[in-house]
Visitor: 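Dropping the structure in here first, questions after.
So you know, we letter chains A, B, ... as the sequences are listed, proteins then strands, and number each from 1.
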Number of protein chains: 2
Amino acid sequence: MASRKQADERAFVEAYRPEAYPRPAVTVDLVVLTVLDADLKLLLVRRAEPPFQGRWALPGGFVRVGDGKRDRGEDLDEAAARELAEETSLPRGASRLQQLGAFGAPDRDPRMRVISVAYFALIRPDLAPLVHAGGDAALAGWHSVATLGVNTKLELAFDHAQIVDAALERVRERLERSTIAFDLVPRTFTIPELRAVFDAVTGTTHDPGNFRRKFQQLLDGGQVVEAPGKRITSGKPARVYAFARVAG
Amino acid sequence: MASRKQADERAFVEAYRPEAYPRPAVTVDLVVLTVLDADLKLLLVRRAEPPFQGRWALPGGFVRVGDGKRDRGEDLDEAAARELAEETSLPRGASRLQQLGAFGAPDRDPRMRVISVAYFALIRPDLAPLVHAGGDAALAGWHSVATLGVNTKLELAFDHAQIVDAALERVRERLERSTIAFDLVPRTFTIPELRAVFDAVTGTTHDPGNFRRKFQQLLDGGQVVEAPGKRITSGKPARVYAFARVAG
DNA sequence: TCAAAAGTGTTTCTCGTACACCCATGT
DNA sequence: ACATGGGTGTACGAGAAACACTTTTGA
């Protein structure tokens, strides 16, 4: 009883003067994915500083909070977009960012208490070559997610492996139910190219005939339109499509 | 080019001395749901202090961060569980908490920059009457979610309406795909009771015959077992079931 | 002529849904 | 008797999946 009352009082004081209490650092971490050579790839940066110096890690950084008075800083989504632009030199708006969740185990960063809000982004493969290290990242590069679990040289820093797992689960969940696959092909694309993306993300194969029928529904629904030109292959040239712009 | 370099340098400095930069306050907010009288209910507390004094809000509070050295504070999940216990007097472990996501709009709290990690929890209806205000909440009570959008007297504080919407969407998504419905019935329950939960959460009705067939699959799968006793009704007494304990 | 894209057809299976019943068993 | 739970059957349609096959088109 007494201890409950004490806890209550403590909570009461905190509500009045929360700024007197220690606060965690808050960062955003980015799980940036693309498909290259029909293989799902993850963007990693090499850490230039301790802790985990020399190890690969997710790009990310601190959320700008401002001085707390006039300048309130940026929204979480903004922070994620800014970090993506800064650390990878990708053009802003190159991809939609979606929040994955918050990760805040007390010891996830050995230096101090850091709570990280994770985002994932899917990058069109034609933009993937544009990434190069910026900001405080020494090196940035694409790594096959298939070999992530196997290659011990790719043990990620912090709890980033856990974040990546959560992101992959989420992306696979949403692949069929949403339009995120559109973010993993160039602006114009062929049906086999889109199918290859599905194969790469799910790790399975998709029947060309059945896939075409599903695609036809997208065409009928106006979500996809024909694009001019054709894609030259070793066989019959493939019809080229584009995703319909969202009506304003 | 120059501005990019400047931005890079700033980021570099931050990586070295992040503790010199302002940090946001981090809270957890809880969307606590139950089903009473075949109606989905949300737990709200009345705010005793400004801002939003007198308005209804989600229970929640600050994440304990510790001094940053020895004491690193608690995990986010722990913070959510602690706040649930403190503010509602519900026994710990009374429900599983699941993370919903982080909400961090710069102006979501007029006092200062606050980033909130939202959780949702489903409370068994037999435990629902146990809640009473604790901590710094003046009053705690269950409110029908159906009337939330209509009743202007229930305009929630902060961005809590948005958080509730996200939580409801998530719960409805997972209702059929997971076992969260088990958290919304008493330890022993009848098929019609479980069906009523589905009806209440989705806002639709479910065919008794079809529902029974689905339920049979749960029985066959061993996820549900028969319990002793029967439930007296105005008609034929109903068979009573219980969820199988997770095998250790 | 070859290779790959495009397109069609068919079959099978599984699910969800709707609806119509039956029987069982208490008050 | 009646209300309610328990339980079964059936029919329809949607959709996924597996598989075979034809046609098209450019190198």
Visitor: Could you tell me whether B:Arg177 and B:Glu173 make a salt bridge, using a distance below 4.0 angstrom between a side-chain N and a carboxylate O?
Guide: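 Salt bridge: no.
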Visitor: Determine yes or no for a side-chain-to-main-chain donor-acceptor pair under 3.5 angstrom, with A:Thr147 supplying the side chain and A:Val150 the backbone.
Guide: no
Visitor: Checking B:Arg239 side chain against B:Ala227 main chain: does a donor-acceptor pair fall under 3.5 Å?
Guide: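 Yes; judged by distance alone, with no hydrogens or angles, the pair exists.
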Visitor: Taking any atom closer than 4.0 angstrom to a non-hydrogen atom of chain B, what span of DNA chain D does the protein reach, first nucleotide to last?
Guide: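 Both ends considered, the range comes out as D:dA3 to D:dT10.
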Visitor: If the threshold is 4.0 Å, N to carboxylate O, is there a salt bridge linking A:Arg187 and A:Asp126?
Guide: no
Visitor: Report yes or no: does B:Gln99 contribute a side-chain atom to a donor-acceptor pair with the main-chain N or O of B:Val117 at less than 3.5 Å?
Guide: no
Visitor: Could you identify which residues of residues 216-241 of chain A place a heavy atom less than 4.0 Å from some atom of DNA chain C, listed by residue number, or say none?
Guide: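 Close to the strand are A:Ser234, A:Gly235, A:Lys236, A:Ala238, A:Arg239.
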Visitor: Determine yes or no for a side-chain-to-main-chain donor-acceptor pair under 3.5 angstrom, with B:Asp207 supplying the side chain and B:Gly209 the backbone.
Guide: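 Here the side-chain-to-backbone pair exists.
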Visitor: Where along residues 184-202 of chain B does a heavy atom come under 4.0 Å from DNA chain D, residue by residue in number order?
Guide: B:Ile191, B:Pro192
Visitor: Between the main-chain N or O of B:Gln162 and the side-chain N or O of B:Asp159, is there a donor-acceptor pair closer than 3.5 Å?
Guide: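 Between the backbone of B:Gln162 and the side chain of B:Asp159 there is no qualifying donor-acceptor contact (under 3.5 Å).
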Visitor: Got a second to check how far B:Lys41's NZ is from B:Thr34's OG1, nearest 0.5 Å?
Guide: 9.5 Å
Visitor: Tell me whether B:His160 contacts the main-chain N or O of B:Ala57 through its side chain, where contact means a donor paired with an acceptor under 3.5 Å.
Guide: no
Visitor: List in chain and number order the residues that pass salt bridge (charged side-chain N to carboxylate O under 4.0 Å, His left out) with B:Glu78, two or more places apart in sequence or in another chain; answer none if no residue qualifies.
Guide: none
Visitor: Would A:Tyr241 and A:Phe215 count as a ring-ring contact (aromatic ring centres under 6.0 Å, His included) here? Give the steps.
Guide: CA-CA 11 Å; A:Tyr241 300 91; A:Phe215 190 84; 4.8 Å; yes
Visitor: Can you give the first and last nucleotides of DNA chain C, 5' to 3', that have an atom under 4.0 Å from a heavy atom of chain B?
Guide: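 The contacted stretch runs from C:dT17 to C:dG26.
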Visitor: Please list, chain by chain and in numerical order, all residues satisfying salt bridge (charged side-chain N to carboxylate O under 4.0 Å, His left out) with A:Asp109, sequence neighbours excluded.
Guide: A:Arg111
